Amino acid sequence: MVPFTKWTSPYITGLFTFSILFIFMFFQNAVIYTFLETSVDSTKGGLCACDKCVTDLNDDDWFFLRFNPTVAPLLNRRNSVLQTDVYRWWKGLQSDSSKTNYTEVVDTLFSLFPDEDHYSDAGPDRCRTCAVVGNSGNLLRSHYGQLIDSHDFVIRINKGPTKGFEKDVGSKTTHRILYPESAVDVDNSTHLVLLPFKIEDMRWLISVFTTRHITSTYIRVRPTVNADRDKVMIIHPAFIKYVYESWLQKHGKYPSTGFITLILALHICDEVNVFGFGAKSDGHWHHYFDGILTHFSRGSHGGDFENKTINELLLIGKIYMHKGWLL
Ligand code: C5P
């Protein structure tokens with residue numbers, strides 16, 4: 001008889017851990033399916049009014065193990081309390097020596113900007129099409145301008161300009177995702193969406209619309225930005241952690257702006273078309289508007305893993321990718 005020794009116990013521990021994980025994943029899936037099913041009126045048909053909806057059920061376990069519709073993408077007063085693990089992770093993202101009190105900052109934010117439950121209007125009557133426009137040089141000579149502008153939401157990222165590039169990138173911008181170091185002016189039809197990598201970024205946003213005294217973070221930043229205060233939105237710090245853990249399985253230090261924007265689109269849109277994503281064949285990450293070249297797999301983001309995840313989303317039909325010109 002084989003005795004219960006130090007040789008057999010690791011297998012039993014392994015089996016036990018695996019069973020617990022399996023049960024956890026099963027229940028998480030069940031909760032998500034129930035949430036989605038109860039949030040629509042089944043007599044009216046699908047989960048949205050498009051031909052194919054991001055949240056279509058019964059099609060992919062890989063997707064529903066990652067996609068969690070209960071995580072709020074955008075901050076408001078009511079959902080602003082951060083769990084200790086979220087707060088600790090977020091504080092550790094970028095060195096932030098300021099002694100700023102998060103609760104006070106949130107109070108000031110929502111005395112200045114709309115305190116709303118944004119985009120909780122998903123349902124069988126909605127077909128919201130979104131174009132997520134990255135800054136890749138593959139947009140040049142693409143002639144995607146009209147196609148991009150035909151979407152309900154056109155979400156642009158960081159500095160990506162439209163002026164002078166309309167034929168290839170379009171001219172409409174409903175949302176621009178930015179942080180202090182990548183800020184540009186936006187017009188009155190655009191939502192400025194702050195992606196806060198640190199509390200200092202929230203303080204910067206407050207300063208931009210009030211005292212204009214913050215002129216640097218770890219580099220010089222713009223003390224002023226033209227934007228409609230009533231259209232300002234702020235991405236939830238817990239959403240950034242969710243993207244990192246659920247979607248990137250902790251690859252890299254934190255997700256890139258483009259990747260966070262893409263997952264944001266999965267949460268607020270019914271159909272997601274992606275433009276301007278993709279490095280050159282030599283791995284260089286180039287822009288359509290300037291000559292700056294960086295390497296996508298270096299730096300703080302898990303570039304390779306982000307690409308693999310985007311490819312999987314493409315394969316299972318959750319996003320459509322417009323690749324532009326191969327370079
Ligand atoms: O360079 P920047 O961070 O402003 O670009 C915004 C986003 O566009 C990136 O986070 C990335 O997702 C996407 N991008 C890309 N390929 C490039 C340049 C940008 O996929 N060559």
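In listed order, ligands and their atoms are each counted from 1. Just so it is clear, the model here is predicted, and its values are computed rather than measured.
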Undergrad: Does Q83 have any side-chain contact (heavy atoms from CB on, under 4.5 Å) partners at least two apart in sequence or in another chain, and if so, which?
TA: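 Scan of Q83 (side-chain contact (heavy atoms from CB on, under 4.5 Å), adjacent residues dropped) gives D85, V86.
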Undergrad: Enumerate, one pair per line, all nitrogen or oxygen atoms of ligand 1 lying under 3.5 Å from a protein nitrogen or oxygen, stating the separation to 0.1 Å; write 'none' if no such pair exists.
TA:
from, atom 1, to, atom 2, distance (Å)
ligand 1, 1 (O), H287, NE2, 2.5
ligand 1, 3 (O), N158, ND2, 3.2
ligand 1, 4 (O), N135, ND2, 3.0
ligand 1, 4 (O), N158, ND2, 2.9
ligand 1, 5 (O), N135, ND2, 3.3
ligand 1, 8 (O), N135, N, 3.2
ligand 1, 10 (O), G258, N, 2.9
ligand 1, 14 (N), W285, NE1, 2.6
ligand 1, 16 (N), G278, N, 3.2
ligand 1, 16 (N), G278, O, 3.2
ligand 1, 16 (N), W285, NE1, 2.5
ligand 1, 20 (O), G278, N, 2.8
ligand 1, 21 (N), G278, O, 3.1
ligand 1, 21 (N), W285, NE1, 3.1
ligand 1, 21 (N), H286, N, 3.1
ligand 1, 21 (N), H286, O, 2.7
ligand 1, 21 (N), H286, ND1, 3.4

Undergrad: Look at the side-chain heavy atoms of Ile, Leu, Val, Met, Phe, Trp and Tyr, link any pair under 4.5 Å apart, and say whether L315 and F64 land in one connected group.
TA: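 No: no chain of side-chain contacts under 4.5 Å links L315 to F64.
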Undergrad: Got a sec, which pairs hit side chain to side chain donor-acceptor pair (under 3.5 Å) with one end in residues 222-231, sequence neighbours left out?
TA: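 Applying side chain to side chain donor-acceptor pair (under 3.5 Å) to every pair that reaches into residues 222-231, excluding sequence neighbours, yields D185-R222.
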Undergrad: Check whether NZ of the Lys or CZ of the Arg K159 lies under 6.0 Å from the centre of the six-membered ring of F289 and within 45 degrees of that ring's axis.
TA: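 Geometry flag: not set, cation outside 6.0 Å or 45°.
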Undergrad: Report the C-alpha distance between K318 and D60 in whole Å, list the side-chain angles of each, state the deciding distance to 0.1 Å, and finish with yes or no for salt bridge (charged side-chain N to carboxylate O under 4.0 Å, His left out).
TA: CA-CA 10 Å; K318 292 295 179 187; D60 199 274; over 6 Å; no
Undergrad: Mind jotting down which residue pairs meet the disulfide (SG to SG under 2.5 Å) criterion with at least one end in residues 116-158? Sequence neighbours excluded, please.
TA: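 Counting only pairs at least two positions apart or across chains, the disulfide (SG to SG under 2.5 Å) contacts touching residues 116-158 are C50-C127, C130-C269.
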